[in-house]
Every structure is written in structure tokens, then in C-alpha cells.
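Here the structure is laid out as C-alpha cells; the discussion comes afterwards.
Here is how names work: the chains are called A, B, and so on, in the same order as the sequence lines, proteins then strands, and each is numbered from 1.
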There are 2 protein chains.
Amino acid sequence: MSAYTPSETSRRSGFSLDTLRYYERIGLLSEVDRTPGGQRVFSDHDLGWLGLLRCLRDTGMPINQMCRFAELARDGDGTVADRVELLRAHAEAVEEQMALLERQYGHLREKIRYYESELAAQS
Amino acid sequence: MSAYTPSETSRRSGFSLDTLRYYERIGLLSEVDRTPGGQRVFSDHDLGWLGLLRCLRDTGMPINQMCRFAELARDGDGTVADRVELLRAHAEAVEEQMALLERQYGHLREKIRYYESELAAQS
DNA sequence: CTGACACCTGGAGTGCGCTCCAGGTCAAGC
DNA sequence: GCTTGACCTGGAGCGCACTCCAGGTGTCAG
């Protein structure tokens with residue numbers, strides 16, 4: 001069980017120091033350990049949780065939903081079913097997002113081809 | 001060459017009336033036709049352009065880049081090469097975005113499976 | 001002609017997700 | 001002990017992309 005400084009944690013998680021503090025403030029990150037002097041000490045467990053948060057953020061989950069998820073996680077084992085449900089719903093949203101993205105990417109490629117043919121015709 | 005009312009245009013493009021006006025204001029949508037009374041009349045050409053804007057927005061292009069693109073488009077045929085370049089760069093960004101999304105989607109699915117196994121063990 | 005509803009303008013306001021700041025404290029190497 | 005750089009707090013500020021509003025005008029069916 002290693003311990004990490006704030007900057008180390010920032011580096012590893014990809015969240016800025018300010019964001020880490022912000023996440024703790026809004027309850028996304030529960031009570032991080034402190035040195036006697038009051039500085040944060042992150043654990044492997046925190047790092048793992050941050051990894052999950054990163055995954056959710058990267059897939060576009062809004063903060064308030066992540067807070068709901070964090071709340072469930074804090075409330076212990078009885079909430080696993082709710083957490084699964086939340087993640088499943090999110091996964092579905094992500095699937096739609098990916099489908100849209102791919103569709104629009106196709107249009108984009110088409111547009112590029114069209115412009116390229118115009119370019120060729122111009123010269 | 002059909003003509004469309006603002007609300008019809010909103011419906012077809014998926015942009016709200018306010019957004020259409022906003023886009024015109026910031027130069028994303030060049031001088032839309034008007035009735036003698038001053039109300040907007042959108043053309044097929046406008047609709048097509050809005051479709052492209054929708055594609056770019058859906059793939060995450062920031063507004064200021066879209067403005068740059070619109071500016072090039074307004075400046076005529078001489079800018080086709082620049083426009084292609086801009087779109088190609090964006091397409092690359094979209095590819096990275098899709099790759100990240102898929103990777104994180106994979107993690108999400110894993111997490112769900114993990115929670116499901118926990119659920120099964122609990123009961 | 002009238003009523004109802006769509007539309008107009010300029011400008012202010014909103015929600016999100018951070019990010020920055022001032023003014024201080026802590027920790028570690030010399 | 002002192003310096004230096006990382007870290008602390010509470011709170012304000014920011015950038016983005018809209019969205020809403022008040023107060024007025026246009027359009028068109030009946």
C-alpha cells in the first residue's frame with residue numbers, strides 16, 4: 001500500500017491538483033488521508049478510484065452523476081446493484097455517443113473527399 | 001431551391017432558434033436572407049451548411065475553429081486547400097477521440113462485469 | 001380587421017467544469 | 001536555522017456554448 005504526494009497523484013491520474021482538491025470538495029473523492037501537518041496523502045485505493053473517475057469523465061459522464069455514483073460507493077456493499085445499474089445506463093449512453101461519432105466521422109471523411117476532388121478539378 | 005422558416009430550419013438542423021441566431025451573430029452562418037419585414041428565410045444552401053456545422057459540433061470541434069472554417073468558406077475557392085487541411089486535422093483529432101472513447105468503454109465494461117460478479121457473490 | 005402566434009433585437013444570465021489567486025503553512029536539503 | 005518549493009484554504013473568476021428575457025414587430029387565418 002503505497003502513498004503518493006498530491007503532485008505524484010496528479011501526474012498519475014491526469015487530474016490537475018486543483019481538480020483533485022475540487023473533486024474532494026464536492027464529494028467525488030472521499031476524505032483523503034493527511035500528514036500531521038495537513039497535507040494530502042493519496043493511497044493506491046485513491047488512485048484506483050481516480051482511474052475510474054477518469055474513465056467516467058472521458059466517456060462524458062457529467063459531474064453530478066459521478067457524485068451520485070460516489071455517494072453510492074460510500075454507502076457500502078448494499079448499493080452494488082444501484083451502481084451496476086448506473087454504469088449500465090452510462091454504458092448505453094456511451095454506445096450511442098460512439099455510434100453518433102462514427103456516423104459523423106463518416107460524413108466528415110466524405111466532405112474531405114469532396115473538397116479534395118474540388119481541389120483536383122481546380123488545378 | 002426551397003425556403004424555410006426559422007422554426008422549420010431549427011427542426012431540420014437540430015439547432016435551437018437561439019442557436020441559429022447566435023451562429024449568425026458570430027459569423028458561423030453568413031447573412032441569411034430576410035423577408036421585407038426582417039424575418040429570416042433559410043435556403044437549401046443554408047440547410048446544407050448547417051448540416052456540416054452539426055457534423056463538426058457533434059465531433060467536438062470548438063466554435064472558434066468552426067468560425068475559422070466559416071471565414072475560409074466565405075473567402076471563396078482560393079481557400080479550399082486550407083479548408084481541407086483544417087478538416088483533415090480535425091478528422092485526426094476525432095480518430096483519437098474515438099480511440100480513447102473505445103478504450104475507456106472497454107474499462108467501463110470490465111468494471112461492470114466486476115460489479116456483477118460481486119453482486120453474484122453477495123447473494 | 002383582428003387575434004394569435006411566430007419572429008425580431010440587444011443584452012443579460014446560466015450551467016458546467018474547472019482554474020486561479022492571495023495569503024499563509026509544511027517539509028526537506030544544506 | 002534557513003531557504004525553497006510543494007502544499008494548504010476559501011473564495012472569486014473564467015471560458016465555453018449557449019439560453020433566456022423584455023419589449024416590440026411581422027404574418028396570416030378567419
Side-chain angles (χ1 to χ4, degrees), chain A residues 3-43 46-47 49-50 52-71 90 93 97 100 104, chain B residues 3-43 46-47 49-50 52-71 90 93 97 100 104:
Chain A
Y4 307 92
T5 64
S7 57
E8 178 73 6
T9 308
S10 166
R11 208 183 52 68
R12 285 182 184 245
S13 67
F15 292 113
S16 75
L17 289 176
D18 269 319
T19 298
L20 290 173
R21 289 195 270 261
Y22 167 67
Y23 278 7
E24 189 177 358
R25 202 152 63 204
I26 64 177
L28 258 186
L29 208 53
S30 53
E31 300 298 290
V32 176
D33 281 354
R34 303 294 182 118
T35 63
Q39 319 226 162
R40 288 177 183 77
V41 180
F42 293 87
S43 66
D46 292 326
L47 260 265
W49 176 252
L50 284 169
L52 180 50
L53 294 186
R54 173 120 306 264
C55 166
L56 298 178
R57 279 306 288 135
D58 282 351
T59 51
M61 182 181 282
I63 293 280
N64 62 61
Q65 235 176 98
M66 292 183 13
C67 285
R68 168 91 187 110
F69 185 74
E71 204 184 318
H90 179 59
Q97 199 192 149
L100 173 62
Q104 297 293 37
Chain B
Y4 308 93
T5 64
S7 57
E8 177 74 5
T9 307
S10 166
R11 208 183 51 69
R12 285 181 185 246
S13 67
F15 292 115
S16 75
L17 288 175
D18 269 320
T19 300
L20 290 174
R21 290 195 270 261
Y22 167 66
Y23 278 6
E24 190 177 358
R25 201 153 63 205
I26 66 176
L28 258 187
L29 209 51
S30 52
E31 299 300 290
V32 177
D33 280 353
R34 302 294 180 117
T35 63
Q39 319 226 164
R40 288 179 183 78
V41 179
F42 293 87
S43 66
D46 292 326
L47 260 266
W49 177 251
L50 284 169
L52 179 49
L53 293 186
R54 173 121 306 268
C55 167
L56 297 178
R57 279 307 287 134
D58 283 350
T59 50
M61 182 181 283
I63 292 280
N64 62 61
Q65 235 176 99
M66 294 185 8
C67 285
R68 168 92 186 110
F69 185 74
E71 204 183 319
H90 179 58
Q97 200 191 147
L100 174 62
Q104 297 292 38

Review item, side-chain donor-acceptor pairs of residues 18-26 of chain A, under 3.5 Å, at least two apart:
unit_1: Thr19(A); atom_1: OG1; unit_2: Ser16(A); atom_2: OG; d: 2.9
unit_1: Glu24(A); atom_1: OE1; unit_2: Arg40(A); atom_2: NE; d: 2.4
unit_1: Glu24(A); atom_1: OE1; unit_2: Arg40(A); atom_2: NH2; d: 3.3

Can you list the residues that meet the ring-ring contact (aromatic ring centres under 6.0 Å, His included) rule with Phe69(A), with sequence neighbours excluded? Trp49(A)
Can you list the residues that meet the side chain to side chain contact (heavy atoms under 4.5 Å, CB included) rule with Arg12(B), with sequence neighbours excluded? Tyr4(B), Glu8(B), Leu47(B)
Who passes side-chain hydrogen bond (donor to acceptor under 3.5 Å, both in side chains) against Arg68(B), sequence neighbours left out? none
Please name all residues satisfying side-chain hydrogen bond (donor to acceptor under 3.5 Å, both in side chains) with Thr59(A), sequence neighbours left out, ordered by chain then number. His90(A)
Ser10(B): partners by side-chain hydrogen bond (donor to acceptor under 3.5 Å, both in side chains), with sequence neighbours left out: none
List the residues meeting salt bridge (Lys or Arg N to Asp or Glu O under 4.0 Å) with Glu71(A), not counting sequence neighbours, and say none if there are none. none
Touch class at under 4.0 angstrom, heavy-atom based, for Pro62(B) against every strand present: sugar-phosphate
With sequence neighbours excluded, tell me which residues meet side-chain hydrogen bond (donor to acceptor under 3.5 Å, both in side chains) with Asp46(B). Ser43(B)
Can you name the closest pair of heavy atoms from Cys55(A) and Gln104(B) and give their distance? SG-O, 3.4 Å
I'd like a table of donor-acceptor pairs (distance under 3.5 Å, sequence neighbours excluded) in which one partner is a side-chain atom from residues 27-37 of chain B, with atom names and distances.
unit_1: Arg34(B); atom_1: NH1; unit_2: Gly38(B); atom_2: O; d: 2.8
unit_1: Thr35(B); atom_1: OG1; unit_2: Gly37(B); atom_2: N; d: 3.3
unit_1: Thr35(B); atom_1: OG1; unit_2: Gly38(B); atom_2: N; d: 3.3
unit_1: Thr35(B); atom_1: OG1; unit_2: Gln39(B); atom_2: N; d: 3.1

Could you tell me whether the phosphate oxygens of dC8(C), OP1 or OP2, come under 4.0 Å of any side-chain nitrogen or oxygen in Arg40(B)? yes
Got a sec? Which of residues 23-35 of chain B come in under 4.0 Å of DNA chain C, heavy atoms? Arg25(B), Arg34(B)
Please encode protein proximity along nucleotides 1-6 of chain D as a string of B, S and -, counting only heavy-atom distances under 4.0 Å. ------
Give the residues of residues 9-22 of chain B touching DNA chain D, defined as any heavy atom closer than 4.0 Å, sorted by residue number. Ser16(B), Asp18(B), Thr19(B), Tyr22(B)
